[in-house]
Visitor: 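First, the structure itself, so that you have it in front of you.
Chain identifiers are assigned alphabetically (A, B, ...) following the order of the sequence lines, protein sequences preceding nucleic acid strands; residue numbering begins at 1 within each chain.
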Amino acid sequence: SAVISQKPSRDICQRGTSLTIQCQVDSQVTMMFWYRQQPGQSLTLIATANQGSEATYESGFVIDKFPISRPNLTFSTLTVSNMSPEDSSIYLCSVQRTDTQYFGPGTRLTVL
Amino acid sequence: ILNVEQSPQSLHVQEGDSTNFTCSFPSSNFYALHWYRWETAKSPEALFVMTLNGDEKKKGRISATLNTKEGYSYLYIKGSQPEDSATYLCATDAGGGADGLTFGKGTHLIIQP
């Protein structure tokens with residue numbers, strides 16, 4: 001299994017501002033994933049972050065809006081930039097261990 | 001990207017009753033099917049990973065079956081308890097985990113005492 005923590009657990013932000021979400025894993029992993037769940041929607045993959053290379057973004061997500069850092073094998077950050085109310089979501093990071101993906105507890109973001 | 005559908009969207013069940021719900025997915029380009037249990041403010045909890053057609057897995061009172069040829073999986077809960085109240089998510093995996101997971105919207109289960 002994997003123990004994953006995220007900070008902050010929740011936040012309320014004003015439109016036009018940015019928020020950086022941190023994800024910490026209990027041991028080294030090659031790939032980390034960032035997902036979001038908008039209200040009433042499914043968990044959707046934003047990007048995959050490998051240490052030492054640029055993140056790979058899914059269709060509909062761009063680096064300017066969701067820049068990701070992966071400075072080492074246990075840590076990653078996701079920034080939600082220039083926020084609008086449509087960015088109100090739960091953001092989760094996850095890691096792959098053997099055949100299972102393990103998730104953090106999520107960051108609940110509300111944009112006013 | 002595989003489209004994953006779950007039904008019903010929500011479900012109210014009396015304590016002690018058994019229940020089941022469905023996950024449907026395109027059967028092409030399939031590698032694995034994942035079930036998660038997600039309580040508010042907690043991490044989604046991995047329940048099962050299933051890869052083979054006809055697979056059946058069990059964890060306590062919860063079990064799951066998989067039909068990859070017709071593209072569906074069932075999750076069963078026997079003798080529901082209030083602590084079973086959660087959202088149950090299924091997700092497909094087309095690349096052994098390297099490409100992330102594609103989720104359904106979930107089934108929100110409420111167990112009524």
Side-chain angles (χ1 to χ4, degrees), chain A residues 1-11 23-26 29-50 53 55-61 66 68 76 78 89-109, chain B residues 1-10 21-26 30-52 55 57 59 62 64 66 68 73 86-108:
Chain A
S1 65
V3 178
I4 304 172
S5 60
Q6 286 186 233
K7 289 181 182 179
S9 58
R10 58 175 61 232
D11 208 341
C23 178
Q24 180 75 49
V25 189
D26 62 339
V29 291
T30 304
M31 287 193 295
M32 296 178 75
F33 304 89
W34 285 98
Y35 291 80
R36 77 171 180 187
Q37 185 188 45
Q38 294 176 299
Q41 302 301 311
S42 57
L43 262 177
T44 301
L45 182 66
I46 298 172
T48 303
N50 289 335
S53 62
T56 303
Y57 289 83
E58 296 298 303
S59 174
F61 298 96
F66 297 101
I68 287 171
S76 178
L78 170 78
S89 299
I90 302 173
Y91 291 85
L92 296 100
C93 64
S94 74
V95 302
Q96 180 84 12
R97 288 260 164 86
T98 58
D99 59 354
T100 301
Q101 275 201 16
Y102 296 93
F103 287 83
T107 296
R108 186 178 294 271
L109 172 62
Chain B
I1 297 178
L2 303 176
N3 295 319
V4 180
E5 304 286 340
Q6 291 188 247
S7 62
Q9 187 175 357
S10 66
F21 26 93
T22 306
C23 174
S24 302
F25 54 89
F30 172 85
Y31 180 84
L33 190 286
H34 301 249
W35 280 101
Y36 289 87
R37 179 175 175 275
W38 194 9
E39 292 182 72
T40 303
K42 294 186 178 179
S43 302
E45 174 194 357
L47 293 175
F48 304 112
V49 180
M50 309 172 76
T51 56
L52 300 176
D55 237 355
K57 295 212 171 178
K59 185 176 182 178
I62 304 176
L66 178 66
T68 61
S73 176
T87 297
Y88 291 82
L89 303 174
C90 72
T92 56
D93 172 357
D99 298 327
L101 302 179
T102 301
F103 282 86
K105 291 184 178 181
T107 292
H108 183 52

Visitor: Can you tell me how far the CG atom of B:Leu101 sits from the CZ atom of A:Phe33, to the nearest 0.5 Å?
Guide: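 Reported value, rounded in 0.5 Å steps: 7.5 Å.
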
Visitor: Is A:Arg108 in contact with chain B via its backbone, its side chain, both, or neither, using a 4.5 Å heavy-atom distance?
Guide: side chain

Visitor: Take a 6.0 Å sphere around CD of B:Glu39 and say whether it holds more than 12 heavy atoms from other residues, nucleotides or ligands.
Guide: yes

Visitor: Atom CZ in A:Phe103, atom OH in B:Tyr36: separation rounded to 0.5 Å?
Guide: 4.5 Å

Visitor: Relative to chain A, which segment of B:Ala41 carries a heavy atom at a distance below 4.5 Å: side chain, backbone, both, or neither?
Guide: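 For B:Ala41, backbone heavy atoms alone lie under 4.5 Å from chain A.
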
Visitor: Measuring heavy-atom distances to chain B, does A:Gln37 have an atom under 4.5 Å in its side chain, in its backbone, in both, or in neither?
Guide: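 Side chain only.
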
Visitor: Please find the pair of heavy atoms, one from B:Pro44 and one from A:Gly104, that lie closest to each other, and give the distance.
Guide: CD-O, 3.6 Å

Visitor: Can you find a heavy atom in the side chain of A:Ser42 that is under 4.5 Å from one in the side chain of B:Lys105?
Guide: yes

Visitor: Which answer fits B:Thr87, side chain, backbone, both or neither, if we ask what part of it has an atom under 4.5 Å from a heavy atom of chain A?
Guide: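 When you check distances to chain A, no heavy atom of B:Thr87 falls under 4.5 Å.
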
Visitor: Please report the closest heavy-atom contact between B:Ala46 and A:Thr100, naming both atoms and the distance.
Guide: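 Taking every non-hydrogen atom into account, CB-CG2, 3.5 Å.
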
Visitor: Quick one: are B:Ser43 and A:Ile4 in side-chain contact, heavy atoms under 4.5 Å?
Guide: no

